[in-house]
Amino acid sequence: MSHSRTVIEHGIEHGTEQEPTATRAWLAARVAEHLRMSPADLSPDTPLSEYGLDSVYALSVAADLEDRLGVTVDPTVLWDNPTLNALCTAVERPAPTAPAPTETTSPDPVAETAQPDPATATTRQDPAGPTGQADLAGAATAVGLARLGLVDDADPAAGPAPTHADVREAVR
Amino acid sequence: MTTTTRDTGTPHPSPASSPPPPGPARLGALDALLGDPDDPGNPVGRAAVLDADERGEMLAAGEDALHAYGLHAEFVPAGLGGRLTRLDHLVDVMRAVYRRDPCLGLGHGAASFIAAVNIWTAGDDRQRAEAARLLRRGGRMAVGYHELAHGNDMARTEFTALPRGDRLVLDGRKEVITNARRADALVLLARTSTAPGSRSHSQVYVPVADVPAGRLTHLPRYRTTGMRGVQLGGLRFDSCPLPATSVLGGTPGRGLETALRSFQITRTTLVSMSVGIVDTALDTTLRHVRNRRLYGRTAADLPHVRSVLTGVYVDLLTADSLATVATRALHLLPGETAIHAQAVKYVVSGILMEAMNRLSGVLGAHFYLREGPSALFQKLLRDIQPVGFGHAARAACQVSLLPQLPLLARRAWREHRTPPAALFAPGEELPPLDFGALALSAGGRESLSTSIAAGLDGLPDGAGTAYGLLRAHAERFAREPARLAEACAALDPGELSVAASPYAYELTTRYTTLLTAAACLGIWSWARRTGVPELSEPDWAAAALHRLSTPRGAAARALPRPLEDALWERLVERHRTGGGYTLLPRVSPHSADAEGRNP
């Protein structure tokens, strides 16, 4: 778990200091109720999967957000913006007109993980749809590419490379 | 990435790339290769199938026949040189295989299909072309999602394919994998990032010949109760380096997304293929009761026996209705099939297993014997079992439906969308299949469950028991979305996960029952309007809705006498002609034999 724990702490360090928005409070209450936790125990910069939020339920949160905010969001918005803060920033930001900038600007995949991916807040009007080019530019993808050594600015966090043993420990 | 069957793939000239003949012609060719099941000298006949099962081996002559037919080309989209254009045709072909031997269906066919659908959904052009070539040559693929420690909890996958330099390094175990040892290529779900969440997984495509020596160990074969010929194995990779380009589609982090799309196709069609198992089991039972003399008459003359068999027949038609609609929806309504796939897997598997159990009651001691004319039944009873847990467990399908329930209440059951008429038209034309169009989540939008209310005014009417019953049940089911909406809107969000109470699970059962009723009613209404023989008769649909209205936990409702008599006659007629026991009669080359055997 050591590697992913680093990710989280790092994320908090870089976390936004903004006031909790109404949307965030609503989301926190909703997710906390689902997880049978107190909203106060949900750190806004910790990936919600860490609390046990599963992938399939995460997809339905997108629909909850649509009905609450009257916007259209990709079902995977919570996969790509896995914390409360990231999610709120993603859905409250107007859809970008240019391709997402996060792919190469930030060399730190840790910070990227905790940051919103504007591309995923775009609507389904994107003809390429959820598998289109839009989310190719997404932060999660950039992190993945970097980790896999497929882009030049590969994982510079430069800790020991994650191993199979780390994963085994983490998922148990 | 856009992955459609229409515009992708380089054509690879080969015999399989000629335009596929229509479904029935292909079925005829397949039936001819499999030969007469009753012929004791047929190397792919019933006796040979049973013999291979006793040895726990795949039937080699059966695999040869399917290879000669080019079964694996059925799994390859036409755009990539194969024969796959319509999933309903694929199901028809595979049902014919499952009817003969479920081990051949799974062990020679479906396992490769599951792997392949991942590649058509997410692979890049090179991977798709390579996989298509492999399958068209008759090569096998295995698909490794499962790890014993995590069951259906895919996100907890321990198997890793982590980057090291410009390579991926595979580590870990995949267990209880069909054809693990016999496969020419593997599709494996692996963790490509150690980060938590849903973007850390990928499928990797591994041609077995590319694995460096000493890095892959085969685990011992798992022995099983049913499907005894199917080779279930395990794989252990130890620091196995592979090119980084092994990630399906080249972009890591899409593993769960690819799984959620691919599984819509494979969960729906695989369980539908398994209908072929019960089709043969019902045939075997009918043959037994019509030849068996008890108390001075045939067993088929006993009212209870007729009642059970007619009920099984109606349930098969019911299961086929939902499977047919869901399969057509993959072409017609790809935004909604994330729901249908779970419903089909849950409902159809339940009906099939229950049908087998009831048939075994009719056969009595003969379901227990591994000898004699009904010996195949005990094999089929064992072979059907994986339908309840293989690929996805029934309960896991219910859990996946839970988060949809409040959304359905807010959306589908208020919006009252109407599905296209083609959804309910078995065998009719379909638009091309677009793998990339399948939505990850239906987001509570689905038009099948509200189609009953939409069709109520135009419901065909007539005189007699069947019409009366149909209308009464249709009216009751038309009110069900509103009743469900009330219950589902009030569901505590804490109920929408594996921690749900039995009450919440029960709501998914009510919902899937509603979907099933809508499929039956939709198909019958369409058949009635277009005058399809048999299918336009009201008896089967009335009986289907009557049985679907059985209170939970109670024994399935007995049918009113006139309905049961009419359906029994039709069942006997299907037995006589060898037309099978699903919605559309199949053309059987062995129907003359069937007639001769059963005067």
Side-chain angles (χ1 to χ4, degrees), chain A residues 3-4 7-8 30-36 47-50 52-64 66-67 74-76 78-80 82 109 113 128-133 136 138 140-141 143-150 154-155 161-168 170-172, chain B residues 1-3 122 149-150 153-160 162-169 171-172 191-200 202 239 244 247 250-254 256-257 260-261 399-400 402-404 406-407 410-411 436-437 439-441 443-444 492-494 496-499:
Chain A
H3 187 75
S4 53
V7 170
I8 294 153
R30 182 115 192 131
V31 169
E33 208 181 346
H34 172 67
L35 297 170
R36 300 191 196 278
L48 293 168
S49 61
E50 294 279 285
L53 193 83
D54 71 79
S55 306
V56 171
Y57 185 77
L59 295 174
S60 70
V61 172
D64 286 340
E66 287 184 333
D67 289 350
D74 276 337
T76 51
L78 184 47
W79 291 14
D80 295 314
T113 302
T131 58
Q133 289 301 311
L136 275 178
T141 301
V143 173
L145 288 171
R147 290 223 170 97
L148 289 172
L150 298 178
D155 187 355
T163 66
H164 178 65
D166 293 334
V167 169
R168 282 184 63 95
V171 298
R172 290 284 182 182
Chain B
M1 176 189 327
T2 308
T3 53
H150 303 296
D153 188 0
M154 267 192 297
R156 279 186 208 276
T157 291
E158 288 181 30
F159 190 90
T160 52
L162 295 171
R164 195 175 299 162
D166 64 347
R167 314 289 281 174
L168 278 182
V169 180
D171 268 299
R191 195 169 263 280
T192 41
S193 160
T194 52
S198 307
R199 286 296 189 195
S200 300
S202 307
S239 300
V247 169
T251 309
R254 295 209 176 146
L256 298 185
E257 190 171 334
L260 289 177
R261 285 209 169 86
V399 171
S400 296
L402 285 168
Q404 294 294 319
L407 298 177
R410 288 208 305 272
R411 293 178 165 189
L440 286 189
S441 165
D492 176 339
L496 308 179
S497 73
V498 284

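None of these values were measured; they are calculated from a predicted model. Naming: A, B, ... by sequence-line order, numbering from 1 per chain. Note: hydrogens, waters and symmetry copies are ignored here, and every other heavy atom, side chains too, is used.
- Between B/Arg156 and A/Asp54 there is no salt bridge, since no side-chain N of the basic residue sits under 4.0 Å from a carboxylate O of the acidic one.
- Counting heavy-atom pairs under 4.5 Å between each of B/Ser198, B/Ser497, B/Pro403 and chain A puts B/Ser198 at the top.
- With a 4.5 Å cut-off on side-chain heavy atoms, B/Leu407 and A/Glu66 do not count as touching.
- Residues passing the side chain to side chain donor-acceptor pair (under 3.5 Å) test with B/Ser200: none are found, sequence neighbours excluded.
- Contact detail for B/Gly197 and A/Ser49: the closest heavy-atom pair is N-OG, 3.2 Å.
- Neither the backbone nor the side chain of B/Leu402 comes within contact range of chain A, judged by heavy atoms closer than 4.5 Å.
- Annotation for B/Leu440 and A/Leu59: closest pair O-CD1, 3.9 Å, computed over non-hydrogen atoms.
- Across every non-hydrogen atom of B/Pro196 and A/Glu50, the tightest pair is CB-OE2, 3.1 Å.
- Heavy-atom minimum distance, A/Arg30 versus B/Pro493: O-CB, 4.3 Å.
- B/Leu496 approaches A/His34 most closely through the heavy-atom pair O-CE1, 3.3 Å.
- By number of non-hydrogen pairs under 4.5 angstrom with chain B, the leading residue of A/Leu53, A/Asp67, A/Leu78, A/Asp64 is A/Asp67.
- Using a 4.5 Å cut-off between heavy atoms, A/Ser60 contacts chain B through both its backbone and its side chain.
- Across all their heavy atoms, B/Glu257 and A/Trp79 have their closest contact at N-CZ3, 3.7 Å.
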